[in-house]
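In what follows, every heavy atom counts, from backbone to side chain, and hydrogens, waters and symmetry copies are set aside. Small disclaimer: the values here were computed from a predicted structure and weren't measured.
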Amino acid sequence: MRMSKSFTPTLKEVPADATVASHQLLVRAGYIRQLAAGIYSILPLGQRSILKITAVVREEMNAIGAQEFYLPALNPREIWEESGRWTMMGENMFRLKDRKGADLCLAMTHEEVFTVLARAELRSYRQLPQAWYQIQTKFRDEPRPKSGLLRVRQFTMKDSYSFDLDRAGLDKSFEDHRQAYVRIFGRCGLKTIQVEAHSGAMGGSGSTEFMVPTDAGEDLIASCENCGYAANTEKAESQVDTTDKYKAAGESPPLEEFATPGVLTIEALSAKPYGVTADQQLKTLVYVGDDKPVIAIVRGDDQLNEAKLQTASGASVLRPAHPDEIQRWMGARPGSLGGVGLSGKGLRIFIDRRLAGLTGLVTGANRDGFHLRNVSVPRDLSHATSADLRMVNAGEGCPRCGSPLTVAKALEVGHIFKLGTRYSETMGARVLDESGKETPIVMGSYGIGIERILAGAVELHHDGDGIRMPMSIAPLHVALLPLQMQDGAVRDAAERLYRKLTDAGVEVLLDDRDERAGVKFKDADLIGLPLRIAVGKKGLAEGKVEWKQRGANEVDLIALTEVVARAQSAVRDGGGRLSR
RNA sequence: CGGGGCGUAGCGCAGCCUGGUAGCGCGCCUGCCUUGGGCGCAGGAGGUCGGAGGUUCGAAUCCUCUCGCCCCGACCA
C-alpha cells in the first residue's frame, strides 16, 4: 500500500469531541470518522484491522465446528412478537414501517431469526448439536452513545448460537465457546478476564462476560485476587457486616413517628438535629416492573443495584417510577417513603438481605415530612421479600473466601449465555429425542463486539506518540519510510524493499509521499504499525536500513539483505500472518 | 429522560458580554528555500457564523423556537 495513493487522513490535533484514548487515536490516525452520534465510518486502515479481527474470529469459530451464516438485519415484527421481545426491547430497538405499513425492525441480535431457522429445519436429535454463527451489523438505539467505538448505535457483532438436545450438551457447547473466546481475545492482543454476569434481556440461566480492564470501560467488575472470584457488579456479591448494631436494650420499642420537615435525603437526616447515621436508615426506592409497582429497600449508605432488583422481581422491563406514580402508590413524595405498613396493598416489596433481622432502624413514614424510628425488620417489614439488592463496594469480603474485593472499570468485549429453552419454548423449536418424544432445543448464545476489539486494543496499546497495534490485528505489518525522497538511491532502495517484502507476504505501507522525514516518523508512530523500516542516505551508503519495533526504544541498523527474513519472522513471532 | 457545555473555513479555536465591512493557528494551493522527528519565507483559495423566526437603520453578537454534537447522571444484551 502506497501512502501517496491511499486515503489515510491523519490529524495533528485532537478532535474536540473525543475524550477516550481509543477514540482520539483512531480518528487522528485515520482509522475512523464519525457520521452521527454513535455512528462511524470505517476508513481503509480501520477496515484492514477489522478484517484481521474477523479473520481471527472466523478461524476460531470454525475450529470449534461452528458454521457461518449471514442473516437479515431487517426483521419483521412477527418473530419478535413471538419471542415477546417486540415490547421488551422498548426504545432500544430501531423500528420502521414498509410502504404497506407493516412493522419492521433493525435487529439488535439474532436469537429470533436463528430460532426460526432451527424450528423449521431441525427435527431430530440426530441433527444436534449445531453451532451457527454470523458476523453482522447490529443496531441498537442507545440512549447515550459515547466514547467513540466503545458505545455505538450501529456495530458489527459476531454472534453465534448453539442448539443441543439437553443441558449437558449446552454445557459442552458453552465450554467450547469459552475456549474459543479465550483464544480469540488472546490472539487479538487483549487481556481479558471472565466474570459472572447479569443476563438482562437475553434471559437464560447464566452468562459469562469477557472484560478488558480499562478505565475507558463502562462496566464495573469486582474481583478477588486471592481466589479468582470475578463478577460484574450487576451481579457481584460480597460478605458484609450484618450485626444488629442499633438493637435497643431489653424489649423492642414500638414504632414512633417523628416530624422531619424538609428532610428529603439520607444526608439531611444524618445531619444536625436528627443525627441518624446513614447505616441506620432504610432507603426506599420505587420502580415499575412490567407496569406494576416494585419497591426496593436497601440500607441508607448502600446503593441499589437495579440489575439485582430486576432479577429478584423477575421483571423483564424495569424503570424508576415517576413522581406522580410514587405519590399515588405510596401517599408521599420521595424523601419520606418507607416500606412499613404497606402489606395488603398489592405492592411487591423487596428488602436487601443484609437487613434481615435488624432492628432500631429509621425509615420514611409515607407521610411528607415524617419518619419512623424503632423499625424492626422482622416485626414491621415481614411482608417484604428478602433478596440481594445492593451494589458491592471495593474492600468488602469476597463471597467465596472473604478476602477484600477489588472493583475496577472494564470494557465488555464478549458475552456468552446459556439460554436454555427461553426461545425454543416461546417460539416452538423442538426435536424428537431418542424415545420419539418432542423436546425443546436447548440453546446458547454468544456474542463478540468486533469494533470493540479494535478500540479495546488501542486502549491497551498506545503511548504519547500514537497507537501500538498488535501484529495480529494491525492494518499492515510494516511502515517503510524513505527519508529523503529527493535522493534517487533512497527512493530506489525503498521501492526494491517494498517489492521484496510484499512478495514475501509482508504487508507494507510505503510512505512514498514527498514529505520531510519528521512528518513520516510522526505519522508512522500515530498509525502504529508494529514495524518501522527507515531508509536513509547515511545508512544506505553502508547497505543498511533502520529497523525499529513500534514499542521499542532502540533502533537497529541492519543490512538490506536481512530485511525480508527478519520481517517475516517478526510477523510470525508477533502473532501475525504473512499474506501469502 | 434530568443536569451541564458547545455549534464561526477541512481541523482546533477567538470574536458574542457592550450589535456596525468575520479573525488566528494548523491543514490546503502556488513559488522559492529546506531536507533524519509535524522546517522557513512570500503569495493565495476557502465561511449562507447549525437552521427558522423575531427585535433593530443594521444581528455571528440580543430574544424565541428548532436541529445537531459532547460530557455527567439515569438507562443499556
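Taking 4.5 Å as the limit, every side-chain heavy atom of A:T284 sits out of range of all side-chain heavy atoms of A:P334. Contact annotation: the side chain of A:Y446 approaches that of A:F174 to within less than 4.5 Å [non-hydrogen atoms, C-beta and beyond].
The side chain of A:P143 approaches B:A74 more closely than any other nucleotide in the set B:G37, B:C71, B:A74. Among B:A74, B:G36, B:C39, the nucleotide with an atom closest to any side-chain atom of A:R144 is B:A74. Distances were taken from every side-chain heavy atom of A:K538 (C-beta onward) to each of B:G36, B:G37, B:C70; the shortest belongs to B:G36. Out of B:G38, B:C70, B:G37, the shortest distance to the side chain of A:D523 is found at B:G38.
At a cut-off of 3.5 angstrom, counting only N and O atoms as typed in the model, there is no donor on one side facing an acceptor on the other between the side-chain of A:R28 and the base of B:G27.
Distance, A:H23 NE2 to B:C70 P: 8 Å, rounded to whole Å. At whole-Å resolution of the value, CZ in A:R532 and C1' in B:G37 are 9 Å apart. Rounded to an integer number of Å, the gap from CG of A:N305 to P of B:A74 is 12 Å. If you take CG of A:L11 and C1' of B:C13, they are 14 Å apart, rounded to a whole angstrom. Taking atom CG of residue A:L150 and atom C1' of nucleotide B:C70, one finds them 15 Å apart after rounding to whole Å. We find that CD of A:E142 is positioned 17 Å from C1' of B:C69, with the value rounded to whole Å. Rounded to whole angstrom, the span from the CD atom of A:Q24 across to the P atom of B:C11 amounts to 17 Å. Computed from coordinates, the A:L35 CG to B:C69 P distance equals 10 Å when rounded to whole Å.
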What string of B, S and - do you get for nucleotides 3-8 of chain B 5' to 3' if you count protein non-hydrogen atoms under 4.0 Å?
------

Show me the side-chain donor-acceptor pairs of residues 518-532 of chain A shorter than 3.5 Å, one per line, residues at least two apart or across chains.
{"unit_1": "A:K520", "atom_1": "NZ", "unit_2": "A:P482", "atom_2": "O", "d": "2.8"}
{"unit_1": "A:K520", "atom_1": "NZ", "unit_2": "A:D511", "atom_2": "O", "d": "2.9"}
{"unit_1": "A:K520", "atom_1": "NZ", "unit_2": "A:R513", "atom_2": "O", "d": "2.9"}
{"unit_1": "A:D523", "atom_1": "OD1", "unit_2": "A:T10", "atom_2": "OG1", "d": "2.9"}
{"unit_1": "A:D523", "atom_1": "OD2", "unit_2": "A:T10", "atom_2": "OG1", "d": "3.4"}
{"unit_1": "A:D523", "atom_1": "OD2", "unit_2": "A:R513", "atom_2": "NH1", "d": "3.2"}
{"unit_1": "A:D523", "atom_1": "OD2", "unit_2": "A:R513", "atom_2": "NH2", "d": "3.0"}

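Taking the charged nitrogens against the carboxylate oxygens, A:E209 and A:K235 have no contact shorter than 4.0 Å, which rules out a salt bridge. Salt bridge annotation for A:E111-A:R85: present, with a cationic side-chain nitrogen under 4.0 angstrom from a carboxylate oxygen.
Among all heavy-atom pairs drawn from A:A410 and A:I221, the shortest one is CB-CD1, 3.8 Å.
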Polar atom pairs (N or O), protein with nucleotides 29-35 of chain B, under 3.5 Å:
{"unit_1": "B:U34", "atom_1": "O2", "unit_2": "A:R516", "atom_2": "NH1", "d": "2.7"}
{"unit_1": "B:U35", "atom_1": "O2'", "unit_2": "A:Q486", "atom_2": "NE2", "d": "3.2"}

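A side-chain hydrogen bond (donor to acceptor under 3.5 Å, both in side chains) check over residues 534-544 of chain A, counting only residues at least two apart or in different chains, returns nothing. Listed by first and then second residue, the salt bridge (charged side-chain N to carboxylate O under 4.0 Å, His left out) pairs that reach into residues 21-40 of chain A come to none, sequence neighbours excluded.
Residues from residues 12-22 of chain A placing a heavy atom under 4.0 Å of any atom in RNA chain B, listed by number, are A:K12, A:E13, A:V14, A:A16, A:D17, A:T19.
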